[in-house]
Chemist: 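Sharing a structure here in structure tokens format.
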Amino acid sequence: TTANDQLRSAFAQFKAAGITNVVVDLRYNGGGLIDTAVVMSNLLGGNRATTDVMSYMSFRPEKASENTTYLFQSEPNAIA
């Protein structure tokens, strides 16, 4: 989660500058925390309703009880 505050800060600068288009290059990304991916998705989804599905996480049948649906959440510095 160490990147979450940095992402929020960067998007605050984007929003203040009127930026509405962002290119995200994830090449050579070794992975990361799901929580950080959720924060970034929310920051990019400023025009999404909190009832909109962002993603699904599905496990094999033995672990299906851990399946999760992520909905968009409001982020103050989100851009549309």
Side-chain angles (χ1 to χ4, degrees):
T1 60
T2 58
N4 293 354
D5 288 338
Q6 293 173 349
L7 280 170
R8 288 182 175 109
S9 177
F11 273 80
Q13 293 175 24
F14 294 165
K15 190 172 185 177
I19 293 172
T20 57
N21 293 303
V22 177
V23 175
V24 180
D25 183 352
L26 296 175
R27 290 178 294 171
Y28 315 113
N29 180 6
L33 297 174
I34 291 173
D35 181 60
T36 301
V38 168
V39 168
M40 186 163 183
S41 297
N42 286 323
L43 287 165
L44 289 168
N47 59 346
R48 302 307 299 252
T50 55
T51 55
D52 289 345
V53 174
M54 179 194 327
S55 66
Y56 299 101
M57 184 181 305
S58 300
F59 294 91
R60 64 183 181 272
E62 299 81 27
K63 297 271 190 177
S65 64
E66 298 179 38
N67 290 352
T68 305
T69 300
Y70 291 94
L71 301 177
F72 281 93
Q73 299 172 7
S74 178
E75 280 282 347
N77 295 316
I79 59 175

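The model shown is predicted, which means the values in this text are computed figures rather than measured ones.
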Chemist: Distance from Thr20 atom OG1 to Leu44 atom CG, nearest 0.5 Å?
Modeler: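 With rounding to 0.5 Å, OG1 (Thr20) is 11.5 Å from CG (Leu44).
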Chemist: Hydrophobic cluster membership, with links at side-chain heavy-atom distances under 4.5 Å among I/L/V/M/F/W/Y: are Val24 and Met54 in one?
Modeler: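 Per the 4.5 Å side-chain linkage, Val24 and Met54 are not co-clustered.
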Chemist: In the single-linkage hydrophobic clustering (I, L, V, M, F, W, Y; side-chain heavy atoms under 4.5 Å), do Val53 and Met57 co-cluster?
Modeler: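 No; Met57 is not reachable from Val53 via cluster members.
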Chemist: In Å, rounded to the nearest 0.5 Å, how long is the span from OG of Ser9 to CG of Asn4?
Modeler: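 Going from the OG atom of Ser9 to the CG atom of Asn4 covers 12.5 Å.
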Chemist: Taking Thr68 for the side chain and Glu66 for the main chain, is one N or O donor matched with an acceptor at less than 3.5 Å?
Modeler: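 The answer is yes, because a donor-acceptor pair under 3.5 Å joins these two groups.
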Chemist: Return the CZ to CG distance between Phe14 and Asn21, rounded to the nearest 0.5 Å.
Modeler: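 Answer for the CZ-CG pair, Phe14 versus Asn21, is 11.5 Å.
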Chemist: Between Asn42 and Arg48, is any pair of side-chain heavy atoms under 4.5 Å apart?
Modeler: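 Asn42 does not reach Arg48 side chain to side chain.
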Chemist: Linking I/L/V/M/F/W/Y whenever any side-chain heavy atoms sit under 4.5 Å apart, do Val22 and Val38 land together?
Modeler: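 No, Val22 does not connect to Val38 through the hydrophobic network.
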Chemist: To the nearest 0.5 angstrom, please state how far the OG1 atom of Thr36 sits from the CD atom of Gln6.
Modeler: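 Reported to 0.5 Å precision, the distance equals 10.0 Å.
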Chemist: Residues two or more places apart in sequence or in another chain: which of them pass side chain to side chain donor-acceptor pair (under 3.5 Å) with Asp25?
Modeler: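 Arg27.
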Chemist: Looking at CG of Leu7 and OG of Ser41, how far apart are the two atoms once the value is rounded to the nearest 0.5 Å?
Modeler: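 Rounded to the nearest 0.5 Å, the CG-OG separation comes to 10.0 Å.
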Chemist: Do Val39 and Leu33 land in one hydrophobic cluster if side-chain heavy atoms of ILVMFWY residues count as linked below 4.5 Å?
Modeler: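 They do not share one cluster, since no chain of ILVMFWY contacts under 4.5 Å joins Val39 to Leu33.
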Chemist: Output side-chain donor-acceptor pairs under 3.5 Å for residues 71-80, partner residues at least two apart or in another chain, one line each.
Modeler:
unit_1 : atom_1 : unit_2 : atom_2 : d
Glu75  : OE1    : Arg8   : NE     : 3.0
Glu75  : OE2    : Arg8   : NE     : 3.4
Glu75  : OE2    : Arg8   : NH2    : 3.0

Chemist: Tell me whether Ile34 is reachable from Phe59 by hopping between hydrophobic residues (I, L, V, M, F, W, Y) whose side-chain heavy atoms are closer than 4.5 Å.
Modeler: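 In one cluster with Phe59: Ile34, yes.
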